[in-house]
Amino acid sequence: MEIPTAFEEFDIVEVRFKGGRKDFFRNINRLDLTTGDPVVVDVPNGHHIGTVSLKGELVRLQMLKKKVDNNEEIRTIYRIANERDLEKLREVQEQEATTMYRSREIIQQTGLKMKLSDVEFQADRSKATFYYSADDRVDFRDLIKKLAEEFKVRIEMRQISLRHEAGRLGGIGSCGRELCCSTWLTDFKSVSTTAARYQNLSLNPSKLSGQCGRLKCCLNYELETYMEALKDIPTVSRPLQTKQGDAMLQKTDIFKKMMWFGYRGDNNWYPVPVERVHEILKMNSQGVVPETLVEEPVQESRQNEFVAQVEGSLERLDDKFKNKKKKKKKKKSAGDKVEGLSGSGVQDTETREPRAPREDRGPREGRGQRDGRGRDRGPREAKPVDQQQQAKAELPATGTDGAPAEQGQRPKKQRPPRNRGNREGRENREDRPPRADDRQTREPRPAREGGAPRQPRGEGRPEGQQPQGEGAPQQPKRQRSRRPNRGPKPNQPKSPPTDA
């Protein structure tokens, strides 16, 4: 919004000095001032430099709050401070620390019971103000004479409270921020311990007091909110009477509307809503004694059952995963049996005990035994022990590789485990002369369908290949390939089939 043409800005400005001290000055010359500009103002017996902290209509409201009259007593602003004025101000401020230390020594020599906290010089160095704090009245007439002779300036002694002293010195509060009294707080209101009681704070002086040694000013900030919340909470002046005993008030949670009670001889505290406390107080006034402090809800058990059905239990999920692991283990063990019978070339030589039948299930009727793949082989009568031994004796003799002599199906040869790292065993094996009974004569293999019968090894070799045996010259042994032998050797051609 545009400012109206006939609008005139309020001509009084608020100026801030060292230590947070503020005062009002009139802008007679209509200087274009902004917040933070250094200005030279009129003070008694000289001039001083301050900073503009507030201007405009807000200054009018601030004067109404502090009850300052808009009259001729308000002093004027000379000009905006230049570089020369600021340099003089810095030179004067450098002398303040040395002046304060020397003044403390003079106070100790005189034996006055006072504490000097700060010294402030005017910008023209015509007056020095000494701020002190004391518990009792102090006669400092002799002290002023000594200070005036020492520093050659006009001395002004001003007594301040402990809160003003903390505001001038500054510091960090327990909240982690800069002290309110040194930043924005100008009016100090009285703080009592009732403010801490309303807020349910522990009456510990070390926690409730600030750096000034008095109660913290921030205890008054939230007091009105607590007072409004306490309107709905009843005042319990005597214990609540129940059939279990007299319940005494222990603690009150103001914002949650909850009051904690405890029985005599019982260390436990029981939370009771504010509405229930009103009911018990009304019943006790009528002479009725309730059974308990809080009525137990009836629908709570049903609600818990419903939640358990919807959410489920973790134990049920654990049981489910355990059953899955057991099923996988059973399937894996059954697959290992099948591979031992047919899939792998290594025969399973471990003898397993027969599985005992279940007690709850009887023998299968009309069904025979099943093989490794679960197929029914039909009913079969059990042979006596004599017939089993006779059948084993009638089996044909097997060769050195474990294959039966007269069977058409030949299982894979079982190889012994290789010892690749034992070189000494290889050398001993090469030096060993061949034995006569190493190779046994085998019976001729049965003929393939539509072909000639197989001849025993050693017959039907090509002419260029020399026979191997006792009289044959020894040839250097070939290194064995690490790959499995899945067919004929590359250096040895297949033996041609001979006509029957």
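For the 3.5 Å distance criterion, the side chains of S126 and D124 qualify, holding a donor opposite an acceptor. In summary, the side chains of S133 and E165 do present a donor paired with an acceptor at a separation below 3.5 Å, with no hydrogens or angles considered.
Between H47 and Y78, a ring centre-to-centre spacing not shorter than 6.0 Å is recorded.
Under the ring-ring contact (aromatic ring centres under 6.0 Å, His included) criterion, F10 pairs with no residue at all, not counting sequence neighbours.
Taking all atoms of both residues into account, the shortest heavy-atom contact from A134 to Q159 is O-NE2, 3.3 Å. Summarising the geometry of G171 relative to Q211, their closest heavy-atom pair is CA-OE1, 4.2 Å, with the distance given to 0.1 Å. Closest heavy-atom contact between L179 and I172: CD2-C, 4.1 Å.
For CG of N268, the number of neighbouring non-hydrogen atoms (other residues, nucleotides, ligands) closer than 6.0 Å is greater than 12.
Between E279 and R276 a salt bridge is recorded (basic side-chain N to carboxylate O distance below 4.0 Å). Ion pair K251/D253 not flagged as a salt bridge, since none of the NZ, NE, NH1 or NH2 atoms sits closer than 4.0 Å to an Asp/Glu carboxylate oxygen. Look at E9 and K55 and you find a salt bridge, because one of the NZ, NE, NH1 or NH2 atoms lies within 4.0 Å of a carboxylate O, short of that distance.
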Run the salt bridge (charged side-chain N to carboxylate O under 4.0 Å, His left out) check on R168 and E120 step by step: do they pass? CA-CA 11 Å; R168 296 189 66 87; E120 182 181 0; 3.6 Å; yes
